[in-house]
Amino acid sequence: MNRLILAAACFAALQGCTAMDEPVVSPQAGTHAADSAAGCPADKQEDNALVGKTEQEATALLSGCVWRIGERDGEQFAGTMDYREERRTLGIAAGKVTWVRRG
């Protein structure tokens, strides 16, 4: 009986780890995913083109894109472990983008 309960608990826990179609919105992490008929304007340039831009400039360029802030001024934010090629994760320091990673 204990094994059955343990197996059910493990199954339930694993269900929470499956990839979701929609990104998790976390205001602390700055996760943003906007669906836009125009698509993602930032796809027209390399991701490194965002490096050095202010957070506001990057936000404007990423309108319609899937993105999130992974780190701001040394504070790291939790993110999901699902791999999404279209998603960009940004590092921000002193109001400017310092790195961009995909996935």
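- Taking the side chain as every heavy atom from C-beta outward, Arg101 and Arg88 never approach each other to under 4.5 Å.
- Remark: Ile92 CD1 to Phe77 CZ distance equals 9.5 Å, nearest 0.5 Å.
- Considering only heavy atoms from C-beta on, Thr59 stays 4.5 Å or farther from Thr54 through its side chain.
- Salt-bridge check for Asp43 with Arg102: passed, with a basic side-chain N closer than 4.0 Å to an acidic carboxylate O.
- In terms of the side-chain contact (heavy atoms from CB on, under 4.5 Å) criterion, residue partners of Glu71 (sequence neighbours excluded) are, by chain and number, Gln76, Trp99.
- Although no hydrogens or angles enter the test, the distance criterion places a donor-acceptor pair under 3.5 Å between the side chain of Thr98 and the main chain of Gly91.
- Among all heavy-atom pairs drawn from Arg68 and Thr80, the shortest one is NH1-N, 3.2 Å.
- Atom CG of residue Leu90 and atom CH2 of residue Trp67 lie 6.0 Å apart, to the nearest 0.5 angstrom.
- Contacts of Glu86 classified as salt bridge (Lys or Arg N to Asp or Glu O under 4.0 Å), with partners at least two apart in sequence or in another chain: Arg84.
- The main-chain N or O of Ala42 is never found under 3.5 Å from a side-chain atom of Gln45 such that the two would form a donor-acceptor pair.
- Atom OG1 of residue Thr89 and atom CD1 of residue Ile69 lie 10.0 Å apart, to the nearest 0.5 angstrom.
- At a threshold of 4.5 Å between non-hydrogen side-chain atoms, the residues Pro41 and Cys65 count as touching.
- Of all heavy-atom pairs spanning Ala58 and Val97, the tightest one is CB-CG2, 3.6 Å.
- With respect to the salt-bridge test (charged N to carboxylate O, under 4.0 angstrom), the residues Arg72 and Glu55 qualify.
- Counting all heavy atoms, side chain and backbone alike, Asp73 lies closest to Ala94 at OD1-N, 2.6 Å.
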